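Below, each value reflects all heavy atoms present in this structure, side chains not excepted, and no hydrogens, waters or symmetry copies. When a ligand or atom number is given, it counts from 1 through the structure's own listing order. Computed from a predicted structure; not experimentally measured.
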Amino acid sequence: MHTEVFKIEGPVFNPEQLQPAVEILKNGGVVGFPTETVYGLGAIATNDSALREIFRVKGRPADNPLILHIWRECQLKELAEEVNEKYRRLIEEFWPGPLTLIFPKRPEVSLLVTAGLGTVAVRMPSHPVARELLRLVDIPVAAPSANLSGSPSPTRGDHVFQDLAGKIPVIIDAGPCQAGLESTVLTLTDGRPLILRPGFVTREMLEETLGERVETAQSGAVDRPRAPGMKYRHYAPRAPVVLVEGENEKVVAKINQIIREEPAGLRIVVIGSSDNARKYRCDRVLDWGPRSDLAIAAARLFGFLRECDRLEAELVIIEGAAAEGIGAAIENRLRKAAGGNVIYVS
Ligand code: TXA
Ligand code: MG
């Protein structure tokens, strides 16, 4: 299959450019498109063969449910059985934006979307191209991240091309995603707010809006994960990854010790903050920016994990971030990339 790439440059664009993608979606095909978080692989939620195509193209396990994307709130009533006061407050504050909410599902929602669950995940993206595409299609669009299952989520059009060229007809390339990490996934289905996947909408922000404590599900809960996606190894470059966390000076010392103890000539890549970049005794350091502004790190992270493959890394060592605010979302992705290979120094 030939993959056509439509490039959109700058914030102002001609909606005509989206027409081919709109036609493909309406006819039950899949399309790569930008959102403010990561690129999505979209298919309309009302067509089961289109939904199956998402799973086939990504190589995604069928028990990992999809997020439905809408552009206006009235679409929610076709999807969610109940939208109570707490949900209303969150929608008011955070939509459109990087917050996915889990609702009890309406019977019409395909079980392919929800992987057989009685709940459905919905979000309203804020990216202007995503919004226009969703407006033109005007049917909820199911979209996981547009990467092959297990590889880092795509934060640029060319990442989608790397993974899915020849497998999908169209990619809309609108440049780098602003956030660079997938949406926060929050459930309230048993009354208490629980973050299933941390993201740009932080626990602190949710607590502020809800006026109550918000818990974060343990992503190590492999047995019965609440967000089924949490149990798979994710975001991983080909090389083994080790994540080093703890007090800054000790982290730097530990990373340098690991470098020293590996055989000379091994292609090591270090991913770390600009505060520490020059302290690493390694010629391949990918600098994720200052610790004082983790939004920069978030936007760069997935690209760096892909860069490790391009550099043919044989070992990737990553400096951990903080555990608060966006740092919690970054840590969550880094731990998954490391597949549990985490060293804590104190
Ligand atoms: O930012 C994003 O959310 C991106 C863009 C494209 O919108 N999408 C995305 O989709 O990250 P995906 O499929 O890569 O991740 C969806 C996550 C998975 O962890 C999945 O298990 C969880 O949401 N999820 C979906 N439906 C759920 C449900 N009913 N209950 C619990 N978790 C659910
Ligand atoms: Mg994904």
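When every heavy atom of A174 is checked against every heavy atom of V129, the shortest pair comes out as CB-CG2, 4.2 Å. The minimum heavy-atom distance linking A50 with G28 is given by the pair CB-O, 3.3 Å.
Counting the atoms of ligand 1 from 1 in the order shown, those under 4.0 Å from a heavy atom of A121 are 25 (C), 26 (N), 27 (C). Ligand-side atoms of ligand 1 in range of S183: 1 (O), 2 (C), 3 (O), range being under 4.0 angstrom from any heavy atom. Near T119, the atoms of ligand 1 lying under 4.0 angstrom from a non-hydrogen atom of the residue are 28 (C), 29 (N), 30 (N). Each of the atoms 5 (C), 6 (C), 7 (O) of ligand 1 lies under 4.0 Å from some heavy atom of H69. The atoms of ligand 1 that sit less than 4.0 Å from any heavy atom of L117 are 28 (C), 29 (N), 30 (N). Each of the atoms 25 (C), 26 (N) of ligand 1 lies under 4.0 Å from some heavy atom of L66. The contact set between ligand 1 and S145, taken as ligand atoms under 4.0 Å from a residue heavy atom, comprises 8 (N), 9 (C), 10 (O), 12 (P), 14 (O).
Comment: E319 does not engage K279 in a salt bridge, judged by the lack of any side-chain N to carboxylate O separation of less than 4.0 angstrom. Between E53 and R56, at least one side-chain nitrogen of the basic residue sits less than 4.0 Å from a carboxylate oxygen of the acidic one, meeting the salt-bridge criterion. No salt bridge links K58 with D163; every basic N to acidic carboxylate O contact stays at or beyond 4.0 Å. In summary, E247 and K254 do not engage in a salt bridge, as defined by a charged side-chain N under 4.0 Å from a carboxylate O.
Within the coordination shell of the Mg ion (ligand 2), defined by N, O or S atoms under 2.8 Å, S153 is absent.
Looking at A130, G32, P144, A142 and measuring to atom 12 (P) of ligand 1, the nearest heavy atom belongs to P144. Between atom 8 (N) of ligand 1 and the options A217, G40, A143, A115, the minimum heavy-atom separation is to A143. Nearest to atom 28 (C) of ligand 1 by heavy atom, out of L99, L68, I102, is I102.
Residue R60 places a heavy atom under 4.0 Å from ligand 1. Using a 4.0 angstrom heavy-atom cutoff, L196 counts as in contact with ligand 1.
With 3.5 Å as the limit, one finds no donor-acceptor pair spanning the side chains of S153 and R333. A donor-acceptor contact under 3.5 angstrom links the side chains of T100 and S183, judged on distance only.
Between T35 and ligand 1, not a single N/O pair is under 3.5 Å apart. Considering backbone and side-chain atoms together, T37 places an N or O closer than 3.5 Å to an N or O of ligand 1. By the 3.5 Å distance cut-off applied to N or O atoms, R123 is counted among the residues near ligand 1.
Among R203, R89, K86, the single residue meeting the salt bridge (Lys or Arg N to Asp or Glu O under 4.0 Å) criterion with E212 is K86.
Only side-chain heavy atoms of I67 come within less than 4.0 Å of ligand 1; its backbone N, CA, C and O stay farther off. Here N64 has side-chain heavy atoms under 4.0 Å from ligand 1, and that is the only part of it that gets that close.
Residues V137 and V22 are in side-chain contact: their nearest non-hydrogen atoms beyond the backbone lie under 4.5 Å apart.
Remark: E314 CD is packed, more than 12 non-hydrogen atoms of other residues, nucleotides or ligands lying under 6.0 Å away.
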